[in-house]
Amino acid sequence: MIRDLSACLLGQSLRVDCRYENKTSNPLTYEFSLTKDNRKHVIQSTISVPENVYRNRANVTMHKNLVCLYLHSFTTSDEGVYMCELKATNDYTGNQIKNITVIKDKLEKCAGFSLLIQNTSWLLLLLLSLPLLQAVDFVSL
């Protein structure tokens, strides 16, 4: 069962997170698609064949209860309704589907670990400079 679908910008890439609750140990199949101009475009899939235009720009990662789509070189021409479709193998209850409308100017930057990694050098520099700053009585701890 899909619990949440969210989208954010990671540099020049779009990241779509499809969070789910898996009640079975059966393998999971997925499909990410984009609907624009009343036409469905398959971006990445284990269910059907992705379109050539997206094949070299997209990749999917799977973690525990999370399937992530990364669409590189994201532009305004990639705006539209993104769909995440999940299906557990041999599960006959049907596919789980969730949609999200993505507009580049309204997307937030992805937070979490990626932000921490980008800012690690500043934190490291600050920690390494503390003894020097203490030595010149600039900071007293």
Side-chain angles (χ1 to χ4, degrees), residues 1-136 138-141:
M1 183 170 120
I2 298 176
R3 288 189 299 143
D4 183 48
L5 186 63
S6 60
C8 60
L9 273 176
L10 186 62
Q12 297 299 314
S13 298
L14 170 70
R15 187 178 90 196
V16 179
D17 293 347
C18 190
R19 295 183 192 286
Y20 64 93
E21 187 177 328
N22 196 359
K23 297 183 178 179
T24 174
S25 59
N26 294 349
L28 194 68
T29 57
Y30 63 83
E31 180 171 290
F32 283 97
S33 62
L34 164 63
T35 301
K36 62 179 185 176
D37 303 324
N38 293 322
R39 191 165 164 261
K40 178 181 171 183
H41 305 273
V42 177
I43 299 173
Q44 274 286 20
S45 179
T46 56
I47 298 171
S48 61
V49 179
E51 293 184 18
N52 279 333
V53 70
Y54 295 109
R55 203 170 282 159
N56 294 329
R57 294 178 48 210
N59 67 299
V60 170
T61 60
M62 296 180 79
H63 307 284
K64 182 177 171 40
N65 298 334
L66 176 66
V67 183
C68 293
L69 167 73
Y70 294 90
L71 182 61
H72 308 290
S73 304
F74 178 73
T75 66
T76 53
S77 64
D78 298 314
E79 294 177 342
V81 177
Y82 282 75
M83 182 181 76
C84 172
E85 181 176 349
L86 301 179
K87 182 178 187 342
T89 306
N90 297 328
D91 181 1
Y92 302 105
T93 58
N95 296 8
Q96 291 287 315
I97 298 172
K98 202 155 186 109
N99 297 323
I100 187 170
T101 300
V102 173
I103 298 169
K104 188 172 184 182
D105 291 343
K106 303 218 187 249
L107 282 174
E108 294 188 13
K109 293 196 183 304
C110 298
F113 294 113
S114 59
L115 189 63
L116 183 65
I117 290 168
Q118 290 171 357
N119 293 328
T120 301
S121 58
W122 290 103
L123 183 61
L124 186 62
L125 183 63
L126 178 65
L127 289 173
L128 290 174
S129 62
L130 264 176
L132 179 64
L133 293 173
Q134 282 179 317
V136 293
F138 191 76
V139 174
S140 58
L141 293 176

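Basis for what follows: all heavy atoms, side chains included, without hydrogens, waters or symmetry-related copies.
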**Prompt:** Do the non-hydrogen side-chain atoms of Leu86 and Cys18 ever get within less than 4.5 Å of each other?
**Reply:** yes

**Prompt:** Do Val16 and Cys84 touch side chain to side chain, with heavy atoms closer than 4.5 Å?
**Reply:** no

**Complete:** Between Ile43 and Pro50, the two heavy atoms sitting closest are O-CB, 3.2 Å

**Prompt:** CG of Leu5 to CZ of Arg3: how many Å apart, nearest 0.5 Å?
**Reply:** 12.5 Å

**Asked** Pick one: which of Thr75, Asp78, Val102 meets side-chain contact (heavy atoms from CB on, under 4.5 Å) with Leu14?
**Response** Val102

**Request:** Could you grab the distance from atom NZ of Lys104 to atom CD of Glu79, nearest 0.5 Å is fine?
**Result:** 8.5 Å

**Prompt:** Considering only heavy atoms from C-beta outward, does the side chain of Phe32 approach that of Leu71 to under 4.5 Å?
**Reply:** no

**Request:** Heavy atoms only: give me the nearest Ser73-Ser13 pair and the separation to one decimal.
**Result:** N-OG, 4.4 Å

**Item:** Interatomic spacing from CD in Glu51 to CZ in Arg57 - rounded to 0.5 Å
**Value:** 11.5 Å

**Asked** Looking only at heavy atoms, which two atoms of Lys40 and Ser33 are closest? And how far apart?
**Response** CE-OG, 3.6 Å

**Fill in**
Which of Lys87, Gln96, Met62 passes side-chain contact (heavy atoms from CB on, under 4.5 Å) with Leu28? It is Met62

**Fill in**
In this structure, NZ of Lys36 is separated from OH of Tyr82 (nearest 0.5 Å) by 7.5 Å

**Prompt:** SG of Cys110 to CG of Asp17: how many Å apart, nearest 0.5 Å?
**Reply:** 7.0 Å

**Request:** Report yes if the side chains of Met83 and Thr35 come closer than 4.5 Å at any heavy-atom pair, otherwise no.
**Result:** no

**Request:** Quick one: pull up CG in Asn99 and CD in Glu85 and give me the separation to the nearest 0.5 Å.
**Result:** 10.0 Å

**Message:** So which atom in Tyr20 and which in His63 form the shortest heavy-atom distance, rounded to 0.1 Å?
**Reply:** OH-O, 3.8 Å

**Message:** Checking Ser48 against Glu31: is there a side-chain donor and acceptor pair closer than 3.5 Å?
**Reply:** yes

**Asked** With a 4.5 Å limit on heavy-atom distance, are the side chains of Leu66 and Arg19 in contact?
**Response** yes

**Asked** Ignoring hydrogens and geometry, is there a side-chain-to-backbone donor-acceptor pair from Gln44 to Ala58 under 3.5 Å?
**Response** yes

**Item:** Non-hydrogen side-chain atoms of Arg55 and Val49 separated by less than 4.5 Å
**Value:** yes

**Prompt:** In terms of ring plane angle, is the pair Tyr70 and His72 parallel, tilted or perpendicular, where the classes change at 30° and 60°?
**Reply:** parallel

**Message:** For Lys109, I'd like to know if atom NZ has over 12 heavy atoms of other residues, nucleotides or ligands within 6.0 Å.
**Reply:** no

